[in-house]
Amino acid sequence: MNQLVGRRAWAVSCLVLGLGCAWAQGGTSTDSRVPMVDVHTHFQSGGRNQNFSAALQTALSKMDELGIRQTVLMPPPLVGETPNYYDIEHLRFAADKHPGRVAIMGGSSLNVMIHNTPTAEVTDAVKARFKARFDAIVAQGAVGIGEMGIHHVSIPAMGSQHAYESVPADHPLYLLLADLAAERGLPIDLHMDLVPEAMPLPAALRPNPLNPDTLAENAEAFKRLLTHNPQARFVWSHVGFEPLLTRHPQRVKQWLQTYPNLFMSFRVNKGHPSPASAMTPEGALKPAWLELIQAFPDRFMIGSDAFYDVGGVARGSGDPGQDTGLRWLRALVDALPPEVARAVGHANAERVYRLR
């Protein structure tokens with residue numbers, strides 16, 4: 001057992017540092033690693049004139065380098081048609097040019113509708129417009145709906161105007177989305193910074209003026225969304241390292257036990273001592289997380305939150321311009337037992353998103 005732990009720790013260190021290490025036993029190179037499917041990636045949003053074609057080449061190059069067989073591109077959860085806005089129409093070319101390597105999702109337009117429509121103003125006409133837009137997204141080849149934002153705190157590292165978003169998870173349009181997605185068999189990717197009970201804003205987030213001083217509890221409304229339509233499948237993104245550090249293993253276990261239609265995708269930008277971080281600062285998978293993944297091997301996927309740009313990974317995956325977060329995910333998958341690694345690395349994603 002100690003030898004196995006030692007080999008895993010060594011491999012993780014090699015991967016995090018980007019070294020081409022081979023396993024001590026058998027001399028197998030990193031080319032034989034379990035292939036991965038990344039279910040949560042973006043293009044760096046720089047307006048409708050952004051060079052997404054060049055960003056796609058960056059993505060394909062990183063995928064080849066790190067053993068990512070397929071990536072799922074989606075727009076970020078915008079709340080208005082700002083100059084950075086884009087939706088599935090701007091991503092279709094990538095799936096058309098590289099079917100089997102790139103899949104696409106849409107939903108920023110739906111996110112805008114939800115966040116700009118007060119609950120009391122959700123009329124039948126609003127629902128009809130929402131459904132029409134949903135149908136248009138599906139017709140363009142979406143393998144899911146997202147990224148959708150329920151609660152999104154503003155991160156100082158992303159700039160002082162990084163969006164703060166908050167809407168009740170049981171908003172009528174979210175309940176409608178659950179019904180529509182369940183009918184089509186499409187998963188919904190959710191950004192939901194969990195607040196189990198009202199809490200003061202963490203000190204690390206205070207520099208950004210868009211964040212409120214106190215964060216309101218949002219877990220109960222989320223539970224109502226999850227139970228509204230048991231056939232709707234939700235992928236709760238960014239587990240493993242998220243800004244509020246509220247999704248520690250014991251809490252994640254409780255959510256997975258209670259809601260069989262809930263899945264989670266790992267983002268592990270860096271190691272952190274907090275129990276909510278899946279990796280240690282030294283780059284090893286924490287035992288509590290390994291135990292949890294093994295207990296629910298069919299419920300976890302990887303979703304880097306990488307923003308691909310012309311010159312590299314712009315943000316969302318470690319240091320600006322670096323692919324650190326992608327390498328941490330590679331390390332996480334390679335630290336798992338083989339069968340579990342295949343499930344988390346690609347098989348769960350292929351099943352939930354019905355990927356080729």
Side-chain angles (χ1 to χ4, degrees), residues 39-50 52-53 55-56 59 70-119 121-150 152 163 165 167 169 171-191 225 228-229 231-235 237 303 308 349 352-356:
V39 301
H40 191 111
T41 65
H42 309 281
F43 285 148
Q44 173 67 2
S45 52
R48 290 184 174 85
N49 295 323
Q50 172 75 9
F52 284 172
S53 294
L56 174 61
Q70 192 167 18
T71 195
V72 180
L73 280 168
M74 65 186 74
L78 303 171
V79 293
E81 293 200 18
T82 67
N84 291 332
Y85 174 89
Y86 67 92
D87 206 339
I88 193 169
E89 290 82 0
H90 305 90
L91 302 176
R92 287 179 59 184
F93 81 97
D96 290 342
K97 289 184 67 174
H98 300 279
R101 293 220 72 194
V102 177
I104 55 174
M105 294 171 61
S108 54
S109 50
L110 299 176
N111 201 64
V112 169
M113 293 180 69
I114 293 173
H115 283 264
N116 290 278
T117 308
T119 298
E121 297 179 14
V122 179
T123 63
D124 289 342
V126 169
K127 290 181 179 180
R129 289 197 298 272
F130 189 88
K131 181 181 183 302
R133 179 56 187 161
F134 172 89
D135 290 339
I137 290 172
V138 175
Q140 295 179 74
V143 299
I145 303 299
E147 178 183 2
M148 304 297 294
I150 294 175
H152 182 293
E165 306 176 22
V167 69
H171 187 288
L173 292 181
Y174 259 124
L175 301 182
L176 175 60
L177 179 61
D179 291 334
L180 295 172
E183 182 179 353
R184 297 295 191 102
L186 297 175
I188 301 169
D189 181 285
L190 292 175
H191 185 125
L225 174 61
H228 170 72
N229 187 329
Q231 301 307 310
R233 291 172 297 164
F234 298 91
V235 180
S237 59
Y308 290 109
V352 171
Y353 290 86
R354 299 183 299 183
L355 299 175
R356 287 183 289 177

Colleague: Over all heavy atoms of both residues, which pair between M105 and Y353 is shortest? Give the atoms and the distance, please.
Modeller: SD-CE2, 3.7 Å

Colleague: Atom CG of L355 and atom CZ of R101: how far apart are they, to the nearest 0.5 Å?
Modeller: 13.0 Å

Colleague: Would you compute the distance between atom CG of N229 and atom CG of D179 and round it to the nearest 0.5 angstrom?
Modeller: 5.0 Å

Colleague: Take R354 and L186 through the test side-chain contact (heavy atoms from CB on, under 4.5 Å) and record every step on the way to the result.
Modeller: CA-CA 9 Å; R354 299 183 299 183; L186 297 175; 3.6 Å; yes

Colleague: Go through the steps for L175 and L225 under the test side-chain contact (heavy atoms from CB on, under 4.5 Å), then give the verdict.
Modeller: CA-CA 6 Å; L175 301 182; L225 174 61; 4.0 Å; yes

Colleague: Hey, what's the ring geometry for F52 with H90, parallel, tilted or perpendicular (30° and 60° as the breaks)?
Modeller: perpendicular

Colleague: Any chance you could measure F93, atom CZ, to L73, atom CG, to the nearest 0.5 Å?
Modeller: 8.0 Å

Colleague: What heavy-atom pair brings S108 and P76 nearest, and what distance separates the two atoms?
Modeller: CB-O, 3.7 Å

Colleague: Checking side-chain polar atoms at under 3.5 Å, does H191 have a donor or acceptor matched by the opposite partner on E165?
Modeller: no

Colleague: In Å, rounded to the nearest 0.5 Å, how long is the span from CZ of F43 to CG of L91?
Modeller: 6.5 Å

Colleague: Report the C-alpha distance between V126 and L173 in whole Å, list the side-chain angles of each, state the deciding distance to 0.1 Å, and finish with yes or no for side-chain contact (heavy atoms from CB on, under 4.5 Å).
Modeller: CA-CA 9 Å; V126 169; L173 292 181; 4.2 Å; yes

Colleague: Provide the closest heavy-atom pair for Q140 versus I88 in the form atom of the first, atom of the second, distance.
Modeller: NE2-CG2, 3.6 Å

Colleague: Give me the atom names and distance for the closest heavy-atom approach of G106 to P75.
Modeller: CA-CD, 4.0 Å

Colleague: Is it the case that the side chain of N111 and the backbone of G107 share a donor-acceptor pair, with hydrogens and angles ignored and the cut-off at 3.5 Å?
Modeller: no

Colleague: Could you list all the salt bridge (Lys or Arg N to Asp or Glu O under 4.0 Å) pairs where at least one residue sits in residues 129-138, not counting sequence neighbours?
Modeller: D87-R133, E89-R133, K131-D135, D135-R184

Colleague: Can a donor-acceptor pair be found, under 3.5 Å and without considering hydrogens, that links the side chain of H171 to the backbone of T117?
Modeller: yes

Colleague: On a heavy-atom basis, which atom in G146 and which in M74 lie closest, and how many Å separate them?
Modeller: O-CB, 3.6 Å

Colleague: Measure the shortest side-chain to side-chain distance between I114 and M148 over non-hydrogen atoms and say whether it is less than 4.5 angstrom.
Modeller: yes

Colleague: As a quick check of understanding, evaluate side-chain contact (heavy atoms from CB on, under 4.5 Å) for H40 and H42, giving each step before the final call.
Modeller: CA-CA 7 Å; H40 191 111; H42 309 281; 3.2 Å; yes

Colleague: G149 and Y174: which non-hydrogen atoms are nearest, and at how many Å?
Modeller: O-OH, 3.0 Å

Colleague: Could you grab the distance from atom CD1 of I188 to atom CG of L177, nearest 0.5 Å is fine?
Modeller: 4.0 Å

Colleague: Within this structure, what is the CZ-OG distance for the pair F134 and S109, rounded to the nearest 0.5 Å?
Modeller: 11.5 Å

